[in-house]
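Quick notes on the structure that follows.
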Protein chains: 2
Amino acid sequence: MSQEKSAKKTTIYDLAELAGTSASAVSAVLNGTWKKRRISAKLAERITTLADEQGYAVNMQASLLRREKSKIIGMIVPKYDNRYFGSIVETFETMARERGLFPIITCTRRDPELEVEAARTMLSYQVEWLVSTGATDPDRISDLCAAANVGSLNLDLPGTKAPSIISDNFTGARELTRRIMLNSRARMGEARPLLFIGGRASDHNTSERIRGFRAAHADIGVLLDESHILASGYAPEKAEASLASLARTEGSLPNGMFVNSTISLEGVMRWIKRSGHYGEHSPVIGCFDWDPFAALLGDDIEMVRQDVPSMLDAVFLIIQNGAADRTLIEIPPIFRENFSP
Amino acid sequence: MSQEKSAKKTTIYDLAELAGTSASAVSAVLNGTWKKRRISAKLAERITTLADEQGYAVNMQASLLRREKSKIIGMIVPKYDNRYFGSIVETFETMARERGLFPIITCTRRDPELEVEAARTMLSYQVEWLVSTGATDPDRISDLCAAANVGSLNLDLPGTKAPSIISDNFTGARELTRRIMLNSRARMGEARPLLFIGGRASDHNTSERIRGFRAAHADIGVLLDESHILASGYAPEKAEASLASLARTEGSLPNGMFVNSTISLEGVMRWIKRSGHYGEHSPVIGCFDWDPFAALLGDDIEMVRQDVPSMLDAVFLIIQNGAADRTLIEIPPIFRENFSP
DNA sequence: ATGAAAGCGCTAACAT
DNA sequence: ATGTTAGCGCTTTCAT
């Protein structure tokens, strides 16, 4: 890595010399503690001007080493390729900064190894809190944090060793399923069992959503088909493949579907288009997650939006006030009629 | 901010005491420099085990303070709400880590003040390089970096005080325009002038794309209408509003459009749907940027994908080998037939 | 109203 | 083959 000029960076000692004062005075002026030190306004003025001229910037590494707290807060996130995680990251950054914290974020691409490596690195950087978003093994990360005396939090997917903030998946899925069935009935004349597709059966969110899916069928008195629950992963290709395979074995597919994420929806829509399976009569679809273009894809596509601002409010509330490790906070997702303008 | 336990963190001195050795030995073992120190394998072994047991993590603040280089590389990015920036961030993180660098990223929401504040903060954290992505005032950031002897780079939008890596907007836009016109001719029988919408006329990318747009019209010998170039901003609402306004004044809109980003496309598609302006005959569209759902929106929607991996290859190449400040690297965007599977 | 000095945890040159 | 020591740049008592 090449360095443009070889000049060293300006330090408070350089500034002190230029101002004809001491490093401690400079430090006090530059970090705002100088009122209690009763440093003269002219000295303060002189120092600030000088600092500006020299393009001085504190060395955080040195500053943090000396202080007790780093004010750094970390987050790991699986992907940046959808609106949900995108807004989680953006909101997290904004809220952290509003609270005087410095956010650092790492994308771990759903790779368990990368997750723990990222967690370790963040601990080295002295994060005071670590938020694991959609982590495959959140408890492992909580253990690492606990060993380093650092607070941890789970977001989106729950764990058992730190407070968790997630969507109310059961209630949300139940209502979403109800709506899909209503739409389907409006079109087909009668309520019919739906297909569930996407996600991993092993993860808490997916299993809760499947539970809500079942409950909604029971509510309406429709018997669902167990072989129509396809929790085959998050990647679009997975969804595409399992639809193809089901169509092959069963000939014809249900005309209503519950899709577990926009990422899975990508595969679903692609398959529908490519296969031509449904011909003119595209299926009635509901998706647990929101995307602006997907929303324009058809009239019969119902979407739920996870309430990211409320989820992160809860996160920062816990950071401020603490909470028991096994706390589970479930935030209701938002339906179409309550979408923000 | 509450701290769970009050125990202090383990340091190399604690480890040294437990292992009955010195801090420097521990340090050497833990950071891999111990081969050249000819430390015995058993000592090394003992120390590593101990470190594991104690959940030890180096204090980067201390380590970096002592070392000469931080290995930290910063990036500022406008938004996380579309695939283009999402993949820039994800690719940047991955490539940085592959090179032993620690990436820190800040989202500045197209806010010029936030941009410089973020840059300052990153300089405090001793970044060795700062990549400004889509910055509103990249030269300002380059100045800050220069004052701190830190390298800077512009991505997506060029500047004049640091090397810039951008898409080949002119050529890309010219070819995209040509394709839209071809599609339009195939449908309407004759080539007609298109509408240009989205972006800011003041930014380099938009003006280059408009230049390409003009060139393609000239190539085919079609006269374009200057009042049909609507560079009214990036937000979906802006696009929506300017279409509405144009439709009001002109009655009818061109049946082919060049849309300058997926974000603008969001507004365009919404307006088309809400207004019902085009009735059954939806317009032929081309978009400078790619989104998987937008791609499924219609048969006549052509998209170009900016070549993010190549752009970031160029970024890291410059970081390794250096380049003159005014270097401008233009990466050809990718058309449909060359999309990766 | 301001300066001197100690020390945060780590690394690297210099001992042995 | 391993220990001692001098800082890295900053903050913070404690003197004055």
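Comparing atom distances between the B:L43 side chain and each of C:dG9, D:dT2, C:dT2 picks out D:dT2 as nearest. Across D:dC10, C:dT2, C:dA12, the shortest atom-to-atom separation from the side chain of A:I12 is found for D:dC10. Side chain of A:L65, nearest nucleotide from D:dG3, C:dT2, D:dG9: D:dG9. Considering only the side chain of B:I39, D:dT2 comes nearest among C:dT2, D:dT2, D:dG9.
Atom P of nucleotide C:dA4 and atom CD of A:E17 are separated by 12 Å, given to the nearest angstrom. Counting to the nearest Å, the C1' atom of C:dG9 and the CZ atom of B:R67 are 13 Å from each other. Remark: C1' of D:dC8 and CE of B:M60 are 16 Å apart, rounded to the nearest angstrom. Going from atom CD of A:Q61 over to atom P of D:dG9 covers 12 Å, rounded to whole Å. Between the CG atom of B:N31 and the P atom of C:dA13 there is a distance of 12 Å, given to the nearest Å. B:D14 places its CG atom 10 Å from the C1' atom of C:dG9, with the value rounded to the nearest Å. One can place NZ of B:K69 at 15 Å from P of D:dG9, the figure rounded to the nearest angstrom. In this structure, A:L30 atom CG and D:dC10 atom P are separated by 9 Å, rounded to whole Å.
Looking at heavy-atom distances under 4.0 Å, A:T33 makes no contact with the nucleic acid at all. Note on A:T11: only backbone sugar-phosphate atoms sit closer than 4.0 angstrom, heavy atoms only; bases stay farther off. Within 4.0 Å of A:S27, counting heavy atoms only, lies at least one base atom of the nucleic acid.
One finds the CE atom of A:M60 at 12.5 Å from the CE atom of B:M122 (value rounded to the nearest 0.5 Å).
Contact between the side-chain N/O atoms of A:Y56 and the OP1/OP2 oxygens of D:dC10 is found at a separation under 4.0 Å. Phosphate proximity of C:dG3 to A:S22: present, with a side-chain N or O under 4.0 Å from OP1 or OP2. One finds no side-chain N or O of A:Y125 lying less than 4.0 angstrom from the OP1 or OP2 phosphate oxygen of C:dG9.
You won't find any donor-acceptor pair under 3.5 Å spanning the side chain of A:Y13 and the base of D:dC8, going by distance alone. With hydrogens and angles ignored, a donor-acceptor pair under 3.5 angstrom links the side chain of A:S24 to the base of C:dA4.
In this structure, A:R99 is positioned above the aromatic face of A:F316, its NZ or CZ under 6.0 Å from the six-membered ring centre and within 45° of the axis. For the pair B:R110 and B:Y234, the cation-pi criterion (under 6.0 Å, within 45° of the ring axis) is fulfilled.
Within 6.0 Å of the CZ atom in B:R326, the count of heavy atoms belonging to other residues, nucleotides or ligands does not exceed 12.
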Could you walk me through whether A:F85 and A:V308 pass the side chain to side chain contact (heavy atoms under 4.5 Å, CB included) test, one step at a time?
CA-CA 9 Å; A:F85 289 133; A:V308 171; over 6 Å; no
